[in-house]
> 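One structure is given below, represented as structure tokens, and several questions about it will come after.
Below, chains carry the letters A, B, ... as their sequence lines are ordered, and counting in each starts from 1.
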There are 2 protein chains.
Amino acid sequence: MPDQPAHPKDQADRFARARESQSVALLEDYVEMIGDLHAELGEARVADIAERMGVAQPTATKAISRLKREDLATSRPYRGVFLTEAGTLLADRVRARHRTVVAFLVAVGVPADVAELDAEGIEHHVSRQTLKAFERYLANVDARGRRR
Amino acid sequence: MPDQPAHPKDQADRFARARESQSVALLEDYVEMIGDLHAELGEARVADIAERMGVAQPTATKAISRLKREDLATSRPYRGVFLTEAGTLLADRVRARHRTVVAFLVAVGVPADVAELDAEGIEHHVSRQTLKAFERYLANVDARGRRR
DNA sequence: GCCGGTAAATAGCCATAGCTATAAATCATA
DNA sequence: TATGATTTATAGCTATGGCTATTTACCGGC
């Protein structure tokens, strides 16, 4: 048994933290998606958001309400959804993190398609510090040409 | 732009998959916790489970109902919670995966305490294939003595 | 300018995961 | 053995995140 006397309180905090990340995850996904749609299509319509997220249209509408409540997005009915400044910042951050996580997984030997799949879930739980470690790792790998 | 024409359907599937993992995550955490408590204390009482999970006691009771429904656990009121065979297998698998994820994160330069925190969320999204990649990585690191 | 079709919003349902407050069951002990 | 303390279960609330069915609003073409 290497570790874990596991002070119950600490462990409880860990779980609480994981639950917390979880609650932010969907917001992040939607915000990133809206950013992508604007980049690709020039606008983000509710129907497109729903399709890409793989949910029914009212589900997307409801999620967008939450984004608005959190000041991440605005929308003009029948005119699409728009990110606020905060939303744009978040989207950029999330997109960058996603790319880093995928690249990192690939760099340590995960097949690209699997990396893409797993990253979708993993990324939301990657802290700033862990992300930094991934970036450092990638920088090293790049410096040495290839894996080695 | 390296990747992502992102066929909407594929992407939708990715999100669906991430949501799915999410729904299994809590079951995994509870099952592992019950296993730990049996190992440490010889029994798993609802109150202890609740404390360690950082939730109120009725929340734990409700989760345990779900475990029973899924044939992962049984319980005799006021006598504790017990894992079924399936539950025990799951617990072992989850515990092993958790250890691997933490060890891997540490090996790529994540501080131990952060690794422990992040692993709690990450582990549930690590597929069999990604786990294999982590194990391979760890085997390599071990073989070469240290990082290098 | 009306009218049909599409897009979005609304209504109303389900399950999960949390909570507090309360009831019931068990245990320990006087 | 009865009683008080502890432990578990239950009731009933909130919010999230799904869904289908329906209504409402908009837009384009005739």
Side-chain angles (χ1 to χ4, degrees), chain A residues 8 11-34 37 41-70 72-82 120-121 124, chain B residues 8 11-34 37 41-70 72-82 120-121 124:
Chain A
Q11 196 163 28
D13 287 348
R14 281 212 297 281
F15 286 118
R17 192 166 163 288
R19 284 194 296 267
E20 175 60 23
S21 308
Q22 162 44 32
S23 93
V24 191
L26 253 214
L27 290 186
E28 293 181 343
D29 285 335
Y30 273 95
V31 157
E32 185 186 1
M33 177 66 65
I34 292 165
L37 285 169
L41 310 178
E43 62 173 3
R45 309 297 294 237
V46 173
D48 296 333
I49 297 170
E51 183 190 7
R52 294 251 188 137
M53 295 297 297
V55 300
Q57 168 259 309
T59 301
T61 299
K62 210 189 278 188
I64 291 161
S65 304
R66 201 172 145 217
L67 293 183
K68 292 195 271 193
R69 199 164 9 110
E70 313 248 345
L72 294 168
T74 60
S75 78
R76 290 176 297 169
Y78 303 91
R79 304 291 286 280
V81 180
F82 306 87
E120 207 61 71
H124 301 290
Chain B
Q11 196 164 27
D13 287 348
R14 281 212 295 282
F15 285 119
R17 193 166 162 288
R19 285 194 296 269
E20 176 59 25
S21 308
Q22 161 45 31
S23 94
V24 191
L26 253 215
L27 291 186
E28 293 181 344
D29 284 336
Y30 273 95
V31 157
E32 184 185 3
M33 178 64 66
I34 292 165
L37 285 169
L41 309 179
E43 61 172 5
R45 309 298 294 238
V46 173
D48 295 334
I49 297 170
E51 183 191 6
R52 295 250 187 139
M53 294 298 297
V55 300
Q57 167 260 309
T59 301
T61 298
K62 210 189 279 187
I64 291 160
S65 305
R66 201 173 145 216
L67 293 184
K68 291 195 270 192
R69 196 160 17 106
E70 313 247 346
L72 295 169
T74 59
S75 78
R76 290 177 296 169
Y78 302 91
R79 304 291 287 280
V81 179
F82 306 86
E120 207 61 71
H124 300 290

> Which residues satisfy the side-chain contact (heavy atoms from CB on, under 4.5 Å) test with B:Ser65, sequence neighbours excluded?
none
> Could you pull out all residues at least two apart from A:Glu70 that satisfy salt bridge (Lys or Arg N to Asp or Glu O under 4.0 Å)?
none
> Going by the rule side chain to side chain donor-acceptor pair (under 3.5 Å), which residues pair with A:Lys68 if we only count those two or more places apart in sequence or in a different chain?
A:Ser75
> So what does A:Ala47 hit on the nucleic acid, given a heavy-atom distance under 4.0 Å: a base, only sugar-phosphate, or nothing?
sugar-phosphate
> Between A:Arg45 (side chain) and A:Tyr78 (backbone), is there a donor-acceptor pair under 3.5 Å?
yes
> Rounded to whole angstrom units, what separation is found between the CZ atom of A:Arg79 and the C1' atom of C:dA8?
14 Å
> Return the value, rounded to whole Å, for the distance between atom CG of A:Asp48 and atom C1' of C:dT6.
13 Å
> Starting at atom CZ of A:Phe82, determine the distance to atom P of C:dA8, rounded to an integer number of angstrom.
11 Å
> Could you tell me the separation between the CZ atom of B:Arg45 and the C1' atom of D:dT8, rounded to a whole number of Å?
9 Å
> Can you pull out every salt bridge (charged side-chain N to carboxylate O under 4.0 Å, His left out) where at least one residue sits in residues 15-30 of chain A? Sequence neighbours excluded, please.
A:Arg17-B:Asp118, A:Glu28-A:Arg97
> Expressed as a whole number of angstroms, how long is the span from B:Leu67:CG to C:dT16:P?
12 Å
> Whole angstrom is fine here: how far is it from OH in A:Tyr30 over to P in D:dG18?
5 Å
> Grab the CD-C1' distance between A:Glu51 and D:dC19 for me, whole Å please.
18 Å
> Listed by chain and number, what are the side-chain contact (heavy atoms from CB on, under 4.5 Å) partners of A:Phe82, not counting sequence neighbours?
A:His38, A:Thr74, A:Arg76
> Mind calculating the distance between CE (A:Met53) and C1' (D:dG17) to the nearest angstrom?
11 Å
> Would you kindly compare A:Arg19 and A:Ala44 by the position of their nearest DNA chain C nucleotide and give the one closer to the 5′ end?
A:Ala44
> Quick one: which protein N/O atoms are closer than 3.5 Å to N/O atoms of nucleotides 9-16 of chain D? Pair and distance per line, please.
{"residue": "D:dA9", "atom": "N7", "partner": "B:Gln57", "partner atom": "NE2", "Å": "2.7"}
{"residue": "D:dA9", "atom": "N6", "partner": "B:Gln57", "partner atom": "OE1", "Å": "3.3"}
{"residue": "D:dT16", "atom": "OP1", "partner": "A:Arg69", "partner atom": "NH1", "Å": "3.4"}

